[in-house]
Amino acid sequence: RDVPGKKVYVQHKIKEEEDDIWEQLGKPGSKGYFFLCGSKQPEKDVYKTLLGIMQSKGNMSESQAQAKMEELQAAGRYVTEVY
């Protein structure tokens, strides 16, 4: 996580993989799953990053991206187990 001169957090690594995440999680017909387990601390930043991927890669508005994330949660494809 520590890179000389800057901190690297999970949301940064997610952003690096945004093309694959879109293909597996957001793209129509995709069947991927996303699990976030562990500390509650990065949960909001991870969610915000995923919303951004839905918006940029899927050309979605903020409300459309939010609806997509809610759809993924309801389908059990976006799951958080945080403490």
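Bear in mind the structure is a predicted one, so any value in this text is a computation, not a measurement.
The hydrophobic cluster containing Trp22 does not contain Tyr33, counting ILVMFWY residues as joined when their side-chain heavy atoms lie under 4.5 angstrom apart, directly or transitively.
In this structure the side chain of Tyr83 never reaches within 4.5 angstrom of the side chain of Lys40, judged on heavy atoms. Contact check for Val79 versus Leu36: no side-chain heavy atoms found under the 4.5 Å cut-off. Counting heavy atoms from C-beta outward, Tyr78 and Lys68 have side chains that stay 4.5 Å or more apart. Met60 is not listed as a side-chain neighbour of Leu51, based on a closest heavy-atom distance of 4.5 Å or more. Using a 4.5 Å heavy-atom threshold, the side chains of Phe34 and Val46 count as touching. Side-chain contact between Thr49 and Val10 is absent, with no heavy-atom pair separated by less than 4.5 Å.
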Problem - Audit row: Leu72, Met54, side-chain contact (heavy atoms from CB on, under 4.5 Å) steps and yes/no - result: CA-CA 12 Å; Leu72 292 169; Met54 298 302 164; 4.0 Å; yes
Exercise for the section: Apply the test side-chain contact (heavy atoms from CB on, under 4.5 Å) to residues Cys37 and Glu81: give CA-CA distance (whole Å), side-chain angles for both, the deciding distance (0.1 Å), then the verdict. Expected result: CA-CA 5 Å; Cys37 305; Glu81 293 182 10; 4.2 Å; yes
Practice task
Check the pair Ser61, Gln66 against side-chain contact (heavy atoms from CB on, under 4.5 Å), reporting the backbone distance first and the verdict last.
Solution key: CA-CA 9 Å; Ser61 67; Gln66 182 70 41; over 6 Å; no
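Other residues, nucleotides and ligands contribute more than 12 heavy atoms inside 6.0 Å of the CD atom of Gln64. Other residues, nucleotides and ligands contribute over 12 non-hydrogen atoms within 6.0 Å of the CD atom of Glu16.
Expressed to the nearest 0.5 Å, how far CG of Leu50 lies from NZ of Lys15 amounts to 10.5 Å. Considering CZ of Arg77 and CE of Met69, their distance stands at 10.5 Å, rounded to 0.5 Å. Annotation: the span from Ile14 atom CD1 to Ile53 atom CD1 amounts to 7.0 Å, rounded to 0.5 Å. Here the OG1-NZ distance, from Thr80 to Lys44, works out to 12.5 Å after rounding to the nearest 0.5 Å.
Judged as a salt bridge (charged side-chain N to carboxylate O under 4.0 Å, His left out), and not counting sequence neighbours, the contacts of Glu23 are Lys27.
Panel note: side chain Ser39, backbone Gln41; a donor-acceptor pair is recorded below 3.5 Å.
Taking the six-membered ring where the residue is Trp, Tyr9 and His12 present tilted rings, their angle falling between 30° and 60°.
The shortest heavy-atom contact between Gln24 and Ser30 is O-CB, 3.3 Å. What you find for Pro42 and Gln11 is that their closest heavy atoms are CB-OE1, 4.3 Å.
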